[in-house]
Structure formats: C-alpha cells, structure tokens
Asker: 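Structure incoming, see below.
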Amino acid sequence: MELSVEKIGDVSVAVVPGETLDAGSAKDFKAAAAPLLTPGAKVIFDLSGLRFVDSSGLGALLSCLRQLNAAGGDLKLCGTSKPVRALFELVRMHRVFELCNTKEDAVRAFGAQNAQA
Amino acid sequence: MQSPVPKALRGKLLKSLAALKSVPGLVVDVAGADWTDTLVRGAPLPEPAGLSTQHFTIEEIPDAQLRLSAPAGMALELAEITVRAVLDRLEVERREESLLDELGANWESLEALYEISTDVLRFGDVNSALKRLIARFVSLQEGVQASLMLGRHGRLEQIVGGEAGPTHFDWTDLGPVETPIRESRATVVTNPPDWSAVAAEIPWRSATMLAAAPLTSRRQKVIGLVLVWREDRRFIFDAPFSRLLEAISYQASMLLESDRLNRAMRENERLAQEIEIASSIQQTLLMGNPPVGVPMLEIAACSAASQQIDGDFHDFLRHGDAVDVLVGDVMGKGVAAALLGAATKSQFLRAIANLSLRGTTPSPVDIVRRAAARLTMRLIAVERFVTVCYARFDPPNGTLEFVDCGHTGILLHRKRTGETMFLRGDDLPLGVSTKIDFEQHTAAIGPGDTFLLFSDGVTETRNTAGDLFGEERLMEAVETWSSLGPAVLLRQIKKVAEEFRGAAPQSDDFTCVALRIRAEKGDDIPERHATEFSCDLGQLETLRIWLNKIAQDAGVDADRLTRLESACQEALVNCVRHGSPGECKHPVYLDATVYKTYLKLELRHEGPAFDPLSIPPPSFDGSRDGGFGTFIIMRCSDELQYHRDGEMNIISISLFRGSQ
C-alpha cells in the first residue's frame with residue numbers, strides 16, 4: 001500500500017487508499033504510514049475514499065495517534081463517510097480522534113492550534 | 001387431594017338435590033357423606049329395577065356417591081344437567097374460597113409475624129408469640145388440634161398445645177410422622193396406626209388423620225415440629241392446608257430463630273445473624289419466579305441481598321400472553337423492612353385475586369389502587385413507605401401499561417431505533433400520602449425492545465471513591481449486552497456493577513428484572529442463502545459483497561446494512577484469528593435467512609471454544625488498539641446468540657429489516 005502525501009505548510013495530508021480499512025489491510029496501512037510518524041509531526045489522514053472500517057482498521061488509526069501523541073505530534077482525521085462515522089461513534093472514538101469534515105477544516109484546525117500556542 | 005365442602009356450599013348442594021326429589025319417578029340417592037342425612041341415610045339403596053341410572057362421583061365430597069335413577073330418559077337427563085351445573089358452580093366457588101383463604105391467611109400470618117416479631121424483640125417472650133401464631137392457624141379450620149414441639153435432650157418438649165396432658169414425648173410417639181420429620185419433610189397421614197400399644201398418654205391417640213411440618217434452624221437442622229390432627233373425617237388435610245402448615249412452621253422457625261438471635265444480640269452477633277434471616281426471607285418471600293414459555297417474551301430476574309437487607313421485592317403474573325411485573329422497595333433496612341416487603345407483595349396478590357373474581361383482568365391502576373387502599377394507612381401508622389412499579393407487558397397488543405409510585409422507572413432500549421430512554425410516572429410512594437389516586441401510563445412496545453426494572457441499589461452502587469454507578473452506566477450496559485438476551489444482560493450488569501464497586505461494601509439490595517420482546521417468526525416462508533468462505537482475511541471483501549446483495553434485496557436500510565456488515569466482518573475475523581492455532585484450514589459456513597421482519601445470519605466454524613463474554617471490554621480512551629471486535633458484534637446485532645455444537649462455534653446474528 002502506498003499513501004499519497006501532500007504537504008500543506010508543516011502539515012502532512014495523507015490520503016488513505018481503497019474503500020476499506022480492515023483486518024485485511026490494516027497491517028499494510030500501518031507500514032505505509034510509519035514514515036509519517038516522526039517526532040512533532042502534524043498529520044491528517046484523509047478518509048474520504050473509505051466506505052468501511054472495522055475494529056482492526058480502527059486499531060491501526062489508534063496506534064498512529066498514540067505514536068504521534070507520544071512524540072509531541074498530532075493526528076486529525078477528515079472526510080469520514082456516514083458508515084465510517086457511525087462506527088467511530090459506536091465505539092466512542094469520535095471523542096478520542098479529532099474528526100474534521102474536510103481536509104481544509106483539518107489544516108485550519110492545526111493553524112488555530114499554532115495561533116493559540 | 002380432596003378438600004372439604006364449606007358449610008355454605010353444602011347447603012346449596014342439598015337444596016338443589018332436595019328440589020330434584022320432587023321430580024316424579026326420580027330417585028336421588030346420596031351415600032357415604034355423613035352430613036346428607038336429610039336426604040338419604042345409611043347404606044346405598046339397591047339398584048332400582050327397570051330404571052335408567054346415572055352415577056356421579058362428587059369430587060368435593062370425599063367418599064360420597066350420588067345416584068340418580070328414573071324410568072324415562074327425559075327426567076334423568078334434566079336431573080343430570082341440574083346436578084352437573086350445581087357441581088360445576090360448587091367447584092368454582094370452592095376454588096375461589098380456598099384461594100382467598102390462602103391469601104388471607106398468608107396476609108394475616110405475615111401481619112401476625114410482623115407484630116409478634118416486634119413483641120419478641122420488646123418482651124423476649126417467644127413462647128407466647130408461638131402460641132398466638134398456632135392459635136391463629138388452628139382457627140382457620142374447625143376441629144383441628146395442634147401441638148408445637150421442640151427437640152431437647154433426645155426427647156420432644158411440647159411448647160404449644162395440650163395444656164393438661166404431659167409436656168414431654170418420645171420421638172417414637174410420633175408414629176408414622178417421625179421419619180419424614182427427622183428427614184425435614186412435611187407429611188400428611190390419613191390412616192394413622194392403632195396407638196393403643198403406645199404407653200404414653202399422647203394427645204393425638206384418637207386422631208383420624210395427622211399432618212406435620214418440621215421446624216428448622218438456619219442451618220437447615222430439624223429442631224422440632226408442628227403437629228396437627230383431627231379426630232373426625234369431616235375435612236381432609238389437602239394441598240392448600242399442607243402449604244399453610246408449612247408456611248406456619250416456617251414462620252415459627254423464624255420466630256424461634258429471631259428469639260435465638262435476640263439473645264445472641266447481647267453477645268454482639270446481632271448484625272450478621274439478622275442478615276441471614278433477612279436473606280432467607282428475601283429469597284423465599286420477597287422474590288418471585290419469572291414465567292417461562294411466554295411467546296414473544298423472555299424474562300430474567302436477579303437479586304443480591306446487601307449486608308443490611310432493605311426489603312426489595314418482585315413478582316410476576318401471567319395473563320395469557322401478557323405478563324405483569326411488580327417490583328418494589330421498602331424504606332428502611334433489616335428484618336422489619338423485609339417483612340413489610342413481603343406483606344406489601346401479598347397485599348398486591350390479594351388485590352389481584354379479589355379483582356379477578358369479577359371475571360375480567362384488572363388494569364394495573366385498579367390493582368395499585370386496591371392494594372394502596374389496604375396498605376396506605378398501615379404504612380403511615382408504622383411510619384414507613386414503599387416504592388412500587390406495576391407494569392403489564394402485552395406484546396401481542398404492542399402495549400406496556402404501568403403505574404410508577406416513586407420507583408426507579410423502566411429503562412427501555414429499542415433495538416429497532418437504537419434509542420435508550422426511561423419511562424417514568426410521577427406518583428408518590430405508598431405510605432407517603434393518603435391520596436390513593438394513581439396515573440396509569442401506556443407506551444407502545446415491539447420486537448427488539450429490552451426493558452429493565454431495578455431497585456435504587458443498582459444505580460446507587462458506590463465505588464471506593466464514593467462515586468455512584470449511575471443511570472448512564474446502566475444505560476450503556478443495556479445497550480451493550482441486550483442483544484444477548486435478559487439472562488446474560490443481568491449477569492453482565494451485576495458483573496460490571498461489582499467491578500465498579502471494587503472493595504467498597506454493598507450497602508443496598510441489588511435487584512433487577514429484565515424483559516425482551518422477541519422478533520416474531522411469523523407465518524411467512526423464510527428465504528435462505530448459504531455459502532462458505534475459506535478461513536483467510538482476503539475473503540472479507542467477498543463476504544461483504546455477498547451480504548450486501550442479500551440485505552439490499554431484503555430492503556434493509558443503509559444504516560442497518562452497515563451494522564450487519566460490521567457485525568459479520570468482526571465475527572469472521574474472529575474465526576480467522578482465534579479459530580484455530582497456526583494455519584486455519586476449516587472453512588467458515590455462512591447461512592443467511594430472510595424472515596418477514598428480520599434477517600438472521602449464522603456463522604459456523606470449527607475451532608477452539610470462543611465465548612464473546614470472556615473478552616475484556618475495550619478501553620474507550622484510545623489507550624489500547626484491540627478489544628473492539630466483540631463489542632462491535634454485540635452492539636451491532638439486534639439479537640446475538642453464541643453456542644457450541646461439538647467442535648463447532650456457532651454465532652447467530654439477527655437484525656430487524658427496518659425500524660418499524
């Protein structure tokens with residue numbers, strides 16, 4: 001799996017490819033995302049192509065979030081479709097991840113954090 | 001077992017028979033019943049020649065035979081119809097009478113026990129309390145004699161009964177009653193042996209029938225007995241009578257126990273022992289048994305007494321396919337609260353029995369009103385109050401009717417819409433005000449609804465930091481486990497509440513009743529689909545495509561489809577990951593059945609046992625990656641079942657097809 005990464009200022013926006021992030025693809029996704037998880041990195045995962053996420057996919061995203069948070073970085077998610085959002089809410093991960101509607105919203109949210117800091 | 005005909009009813013029977021005697025040519029012959037001497041006396045008449053004859057056995061009258069004989073068919077037929085009608089009516093009246101007697105006696109004796117226990121605590125005179133108890137019992141049936149004896153130093157000491165005669169007996173003086181009592185069984189003996197060989201002057205030597213029930217200690221050891229007998233055969237000791245005798249013996253045991261505790265109190269043992277009494281009261285008198293086999297309804301109940309019991313109670317009544325649930329909680333703690341709980345419950349049962357005599361099922365509000373009318377002043381007099389919720393679940397009619405008098409409300413989780421809510425009324429607890437007008441509320445209910453009735457001990461469970469378990473955690477528990485059915489749900493609620501409490505003490509009774517309305521199978525012919533997948537993660541996409549096709553054809557909406565996909569995906573991943581160690585070679589078999597209102601999926605896979613409840617719950621703060629799979633399966637299914645068949649794990653997931 002390869003992530004297409006766009007750099008907007010100091011924020012890396014990675015598009016998660018395919019329609020599903022699940023037990024079949026989570027391992028590949030973690031390997032592909034690893035280079036982005038550097039100390040202090042600001043990362044956005046664009047999930048707008050995903051139609052289905054399962055517990056393994058969720059676990060992979062959580063693992064990225066924890067690695068970034070542990071090294072002073074942060075992760076935001078954007079473009080969650082209705083079924084994906086429903087799963088996040090079911091397991092209450094909408095309280096753990098910052099979910100933004102669009103890529104632009106997510107970039108702005110990082111900007112606002114910088115302005116506050 | 002037969003029971004005696006009450007005097008009033010004998011009168012009616014005799015009158016009807018006497019009227020028949022005036023029918024020309026009809027011979028009425030009643031033999032064997034000694035009170036029918038106004039009709040025919042002595043041995044039965046010989047069979048009249050040339051007459052048609054009809055024999056009746058009269059179930060209500062032991063040993064009696066009724067014979068009608070007439071020359072022509074018509075008169076005999078008429079007489080037969082008349083007699084049958086009379087007997088039918090007698091049977092109904094006898095049942096009503098005995099039901100009322102039994103309920104009345106229970107209430108009286110509970111009240112007596114409550115008063116007497118208070119007396120015992122005050123004056124410490126257990127013997128006079130026992131005398132009053134036995135006197136009340138004896139007064140229920142004319143001609144009964146009774147003796148209460150306690151085992152002391154290998155003999156029996158008579159505590160109640162036989163004022164003039166001897167006070168001590170040998171166990172062998174009990175004759176045929178000895179063995180059952182020593183084995184802690186109640187017994188009825190209708191043909192006692194000849195007592196003339198017994199040397200002692202025993203009061204029951206002229207008995208024609210005997211009944212006895214053991215008195216037991218809290219360790220179930222036999223400490224004595226209550227013996228009752230008659231010297232005539234006018235009444236038979238029947239099943240309701242034996243039950244009453246057992247109830248009275250149980251209460252006498254508790255009085256003795258309470259007296260013993262009273263002494264122990266002075267030795268600082270009071271608390272621990274009172275709990276034991278109260279728990280035994282709780283288990284025997286306060287808690288009902290959920291009915292089984294009600295179509296469309298699954299019901300479970302659980303209760304755990306706290307160290308200081310606080311009088312939670314519940315009971316169930318089935319009316320056809322509808323079930324009434326009564327739950328309540330008495331203010332205050334200890335034996336007094338437990339007894340008051342039992343008395344309240346019995347008052348409700350009595351109200352239901354009385355109102356049912358009108359021939360229609362009384363409404364919840366009528367029942368509450370009737371019970372409150374009898375209870376309120378008594379409760380005010382003893383400065384106690386009781387919270388009560390009376391609910392009638394009627395799945396065929398799609399209704400829930402309830403009256404909520406200051407209880408905790410009914411928690412409802414609706415699988416079809418995902419909503420969770422509380423249904424509450426705002427009437428005051430019984431014993432707070434003299435007003436006995438109540439409001440009955442109605443809610444629409446349907447398949448996939450789970451209801452929880454509970455005592456405040458559940459939500460007020462405290463942990464060591466002093467936080468309350470609260471309604472929100474309870475709602476979450478219902479949302480998570482209701483798919484597995486009421487019994488599992490209650491086990492899980494108890495488990496999470498206990499985990500939450502940790503080392504903190506349990507300060508209140510913990511009582512829960514859960515009900516679920518099952519999906520209707522309907523009379524439609526279900527549509528079945530079957531497939532199998534090799535056990536590998538690459539098959540997930542294929543599974544979802546297969547499912548999508550079936551669900552879309554069945555008209556399942558998008559939100560439900562997502563839930564179905566999620567649940568099945570997680571179940572399949574479980575099979576692959578945990579199905580068998582090393583490489584998994586067994587295929588996963590999948591069946592999908594489309595019913596009128598719901599869709600059922602069954603996954604079968606050979607592998608080591610997998611129990612979804614053994615998986616620890618996920619952490620919702622993002623600190624752990626795993627543990628969500630099982631949670632997702634439980635939350636996304638409307639009904640979920642797991643079982644094992646040989647080496648196979650079978651998981652079945654049901655989902656309603658729409659929210660209506």
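Chain letters run A, B, ... following the sequence lines, proteins first, then strands; residues in each count from 1. All values reported here derive from a predicted model rather than from experimental measurement.
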Asker: Chain B contacts: which residues in residues 31-39 of chain A have a non-hydrogen atom closer than 4.5 Å to it?
Answerer: none
Asker: Checking A/Ala23 against chain B: side chain, backbone, both or neither under 4.5 Å from a heavy atom?
Answerer: both
Asker: Just so I understand: if I count every heavy-atom pair under 4.5 Å between each of B/Leu572, B/Leu561, B/Leu540 and chain A, which residue has the most?
Answerer: B/Leu540
Asker: Which bit of B/Phe620 comes within less than 4.5 Å of chain A, counting heavy atoms only: side chain, backbone, both or neither?
Answerer: both
Asker: Check each atom of A/Phe97 against the heavy atoms of chain B and say whether the ones under 4.5 Å are side chain, backbone, both or neither.
Answerer: neither
Asker: Report which part of A/Leu90 has an atom under 4.5 Å of a heavy atom belonging to chain B: side chain, backbone, both, or neither.
Answerer: both
Asker: Enumerate, by atom name, each donor-acceptor pair separated by under 3.5 Å where one atom lies in chain A and the other in chain B.
Answerer:
from, atom 1, to, atom 2, distance (Å)
A/Asp22, OD2, B/Arg544, NH1, 3.1
A/Asp22, OD2, B/Gln569, NE2, 3.0
A/Arg51, NH2, B/Glu565, OE1, 3.4
A/Arg51, NH2, B/Glu565, OE2, 2.9
A/Asp54, OD2, B/Gln569, NE2, 2.9
A/Ser55, N, B/Glu570, OE2, 2.7
A/Ser55, OG, B/Glu570, OE1, 2.6
A/Ser55, OG, B/Glu570, OE2, 3.3
A/Ser56, OG, B/Arg577, NH1, 3.4
A/Ser56, OG, B/Arg577, NH2, 3.3
A/Arg66, NH1, B/Gly622, O, 3.2
A/Arg66, NH1, B/Asp625, OD1, 2.7
A/Arg66, NH2, B/Asp625, OD1, 2.9
A/Lys82, NZ, B/Asp559, OD1, 3.1
A/Arg92, NH1, B/Glu476, OE1, 3.2

Asker: Taking the side chain as everything from C-beta on, heavy atoms only, tell me whether B/Phe628 gets closer than 4.5 Å to A/Leu87.
Answerer: no
